[in-house]
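What follows is a single structure, written as structure tokens, with notes after it.
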2 protein chains.
Amino acid sequence: MFSKACEYAIRATIYIAVQSNQDNRVGLKDISKEIDSPEAFTAKILQQLSKNNIINSIKGPNGGFEIDKKDMSKINLSQIVMAIDGDTIYKGCGLGFKQCSEKQPCPVHDKFKVVRDELKHMLETTNVLELSVGLKKGLTFLHR
Amino acid sequence: MFSKACEYAIRATIYIAVQSNQDNRVGLKDISKEIDSPEAFTAKILQQLSKNNIINSIKGPNGGFEIDKKDMSKINLSQIVMAIDGDTIYKGCGLGFKQCSEKQPCPVHDKFKVVRDELKHMLETTNVLELSVGLKKGLTFLHR
DNA sequence: ATAATAAAAGATAAATTTGTCTTTTATTTT
DNA sequence: AAAATAAAAGACAAATTTATCTTTTATTAT
Ligand code: FES
Ligand code: FES
């Protein structure tokens, strides 16, 4: 569904959100340990998220990553997916045509579109704050 | 969403269905040209489909691939996806855990499950015969 | 200013997926 | 039986994704 990079991105963002909510800035090492991801690869992904203004990065001692509390409810999964995987999940065709199209649809177009649109809606209406709540409560997990 | 191999598999199956409905057995060259896929790679995929009893393959002169007319309405997209990509799309976790689990769910589990289940339902209730109808009528396309 | 810290950037490397080429096997026609 | 046809099988190669390692830059504390 999503690339590995995107999966790590979502996990990392949720973890940073939980910590930022408690005014804890977190470093790369911390993050990759907590979400069980390769450290250097995670660094690249965090850079992308930072460039896309999804997280803030601070260099130097006591540096790390954080998310503004006021932004958390405005960051949704769609923004993260777009930042890492681009819009292929929205514009791509279920059978692999470069672009999905109503004019020249593939055989599964009508049925695929329904699912894709629901996925899109889910990603757009799920924000990082709500996801962080379940995690903080211990109801959900970032690793096993 | 699906692997390239799986996309080719679905396209090929639909094309073979259309032709089989008109009692035309079709060869690899024909298929890969029609669905615009790499020939040798397509051959591997057709082998998989044949091993999984989704299509029949016949060797030798006037050989090729075909689907029993009576089976067409019983072959659904789910079977094709399972044959090529396995069950990751059903059992996999949206955030990359090996197995999705109710006991130890990831933060997006509840929301992801809804979409995944709808995808599953769509794949299970869409059969090859109905997809081949739109194609034969010229309403849908296997290439652009 | 200097040293220490932590992320950014860039260069490689491993793994996986996608794609190709050659040889073999099965089947049919002559 | 021999030749021709077409898929199966196996080995190989390219491309992409995932992952690692090293050097540089920015920031802070001493
Ligand atoms: S054209 Fe294939 S999904 Fe729209
Ligand atoms: S545990 Fe992640 S989707 Fe179920």
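Taking atom CZ of residue B/Phe2 and atom C1' of nucleotide C/dT18, one finds them 18 Å apart after rounding to whole Å. Rounded to an integer number of Å, the gap from CD of A/Glu66 to C1' of C/dA7 is 13 Å. Rounded to an integer number of Å, the gap from A/Arg11 CZ to D/dT18 P is 12 Å. Rounded to an integer number of Å, the gap from A/Glu39 CD to D/dT20 C1' is 11 Å. In this structure, B/Leu49 places its CG atom 10 Å from P of D/dA8, rounding to the nearest Å. Rounded to whole Å, atom P of D/dT17 lies 13 Å from atom CD of A/Gln48. If you take CZ of A/Phe41 and C1' of C/dG10, they are 16 Å apart, rounded to a whole angstrom. At whole-Å resolution of the value, CD1 in B/Ile35 and P in C/dG19 are 11 Å apart.
Side-chain proximity of B/Asn62 to the nucleotides C/dT28, D/dT25, C/dA26 is greatest for C/dT28. Listed nucleotides C/dA7, C/dC21, D/dA8 differ in distance to A/Leu28; the shortest reach to its side chain belongs to C/dA7. Among the nucleotides D/dT20, D/dA9, C/dA26, the one closest to any side-chain atom of B/Gln47 is D/dA9. Closest to the side chain of A/Ser57, from the set C/dA8, C/dT20, D/dT20, is C/dA8. The side chain of B/Pro61 lies closest to D/dT5 when the candidates are D/dA19, D/dT5, D/dA29. Side-chain atoms of A/Lys59 lie closest to D/dA26 of the nucleotides D/dA26, D/dA7, D/dC21. For A/Lys4, the side-chain atoms get nearest to D/dT18 when compared with the rest of C/dT18, D/dT25, D/dT18.
By the 4.0 Å N-to-carboxylate-O rule, B/Glu102 lies close enough to B/Lys113 to be salt-bridged with it. A salt bridge does not link A/Glu34 to A/Lys29: none of the charged nitrogens lies less than 4.0 Å from a carboxylate oxygen.
In this structure, B/Lys44 reaches the bases: a heavy-atom distance under 4.0 Å links it to at least one base atom across the strands shown. B/Ile58 comes within contact range of the sugar-phosphate backbone alone, with a heavy-atom separation under 4.0 Å but no base atom that close.
Listed pair B/Tyr8 / C/dT18 fails the phosphate criterion, with no side-chain N or O lying under 4.0 Å from OP1 or OP2.
More than 12 heavy atoms of other shown residues, nucleotides or ligands fall within 6.0 angstrom of atom NZ in A/Lys69.
The two atoms that bring B/Lys74 and B/Lys70 nearest to each other are NZ-O, 3.3 Å, heavy atoms only.
Below 30°, between 30° and 60°, or above 60°: for A/Phe2 and B/Phe112 the angle between ring planes is between 30° and 60°, a tilted geometry.
In this structure, B/Phe65 and A/Ala5 both approach DNA chain D, and ranking their closest nucleotides by distance from the 5' end singles out B/Phe65.
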